[in-house]
Each structure stands twice: as structure tokens, then as C-alpha cells.
Amino acid sequence: MPIFEYECSRCGLVSSHVIMGSSRRRERRGCPGCGSARLRRVMSSFAVVESESSRIASFDASKPRDDSFYRDSRNVGLWAKKRAKEMGVDLGSKFEATVEKARSGKLIKEMI
């Protein structure tokens, strides 16, 4: 059961549609916003999964980051891990546990 995304030529709304088996050609889809039948299929968004070790390897600790970088909980502790790896320092399991608490929000709850 694939999910396809369509953009309305009239209002520009992008909507997702579940396509059931052989009904792909028979079923007429309409825009949920304006009802127009003039839809064109667009590329769906996707995510790329990257391991933490590959994220650390590609992370440049010398570049400044914008606010959106720090909103991603996966980036908590990334700078410290990268710098420690560059210096050959093992930060230990206590540091790893603290980073995981910070990423999950538990660290802040403990501080309150």
C-alpha cells in the first residue's frame, strides 16, 4: 500500500494519498483543500539515517552552528565527543549516560 504525494495545480496544497492495489488507475483523487482534480505527483520527503560515529566523523567542531542545530537532540554532546576523539581522550561511561539523559530531556527534569 504505497502512499503518494500530490500537489494541487490550483491552490498548491501538497497532500498524501494511500493507493490501494489495482485502484491506482481507476480512483480519481481530488485536492482535500479546494476539491480540484488537477493534481500532479511530487517527490515525497524522506529521512536519511546516519550512525553517531559517522555523524561525529563528518562533524566540523570549528564551524559555528545556527539555532536549528541545537534544537536537534541528537546533537547534544556531539561537539564534546568530536573534540575528545580528536585528542584521544575517553570520556567514559558516565559522560555517555549524561549525554543520553540530556538527549531524552531527563537531565533537565532532574535539575528542576
Could you state the interatomic distance from [atom1] ([X]) to [atom2] ([Y]), rounded to the nearest 0.5 Å?
X	Y	atom1	atom2	answer
E96	D90	CD	CG	8.5 Å
S44	F4	OG	CZ	8.0 Å
Y6	L13	OH	CG	14.0 Å
S62	W79	OG	CH2	11.0 Å
R40	E7	CZ	CD	4.5 Å

> Out of R74, K82, K81, which residue meets the salt bridge (charged side-chain N to carboxylate O under 4.0 Å, His left out) rule with E52?
Replying inline: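 It is K81, the one option of R74, K82, K81 that forms the salt bridge (charged side-chain N to carboxylate O under 4.0 Å, His left out) with E52.
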
Taking side chain as C-beta onward, heavy atoms only, is [X] less than 4.5 Å from [Y]?
X	Y	value
F69	L78	yes
I56	K85	yes
C31	C11	yes

> So S36 and S9, side-chain contact (heavy atoms from CB on, under 4.5 Å) or not? Walk me through it.
Replying inline: CA-CA 8 Å; S36 174; S9 297; 5.8 Å; no

>> So which atom in L39 and which in C8 form the shortest heavy-atom distance, rounded to 0.1 Å?
In response: CD2-CA, 3.5 Å

> Which atoms form the tightest heavy-atom contact between G30 and H17, and what is the distance?
Replying inline: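 That would be O-CE1, 3.7 Å.
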
> Going through the distances and angles, do R65 and D60 end up as a side-chain contact (heavy atoms from CB on, under 4.5 Å)?
Replying inline: CA-CA 10 Å; R65 305 289 173 195; D60 185 354; 4.2 Å; yes

> What residues, two or more places apart in sequence or in another chain, satisfy side-chain contact (heavy atoms from CB on, under 4.5 Å) together with S93?
Replying inline: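 If we apply the side-chain contact (heavy atoms from CB on, under 4.5 Å) test to S93, skipping adjacent residues, there are no hits.
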
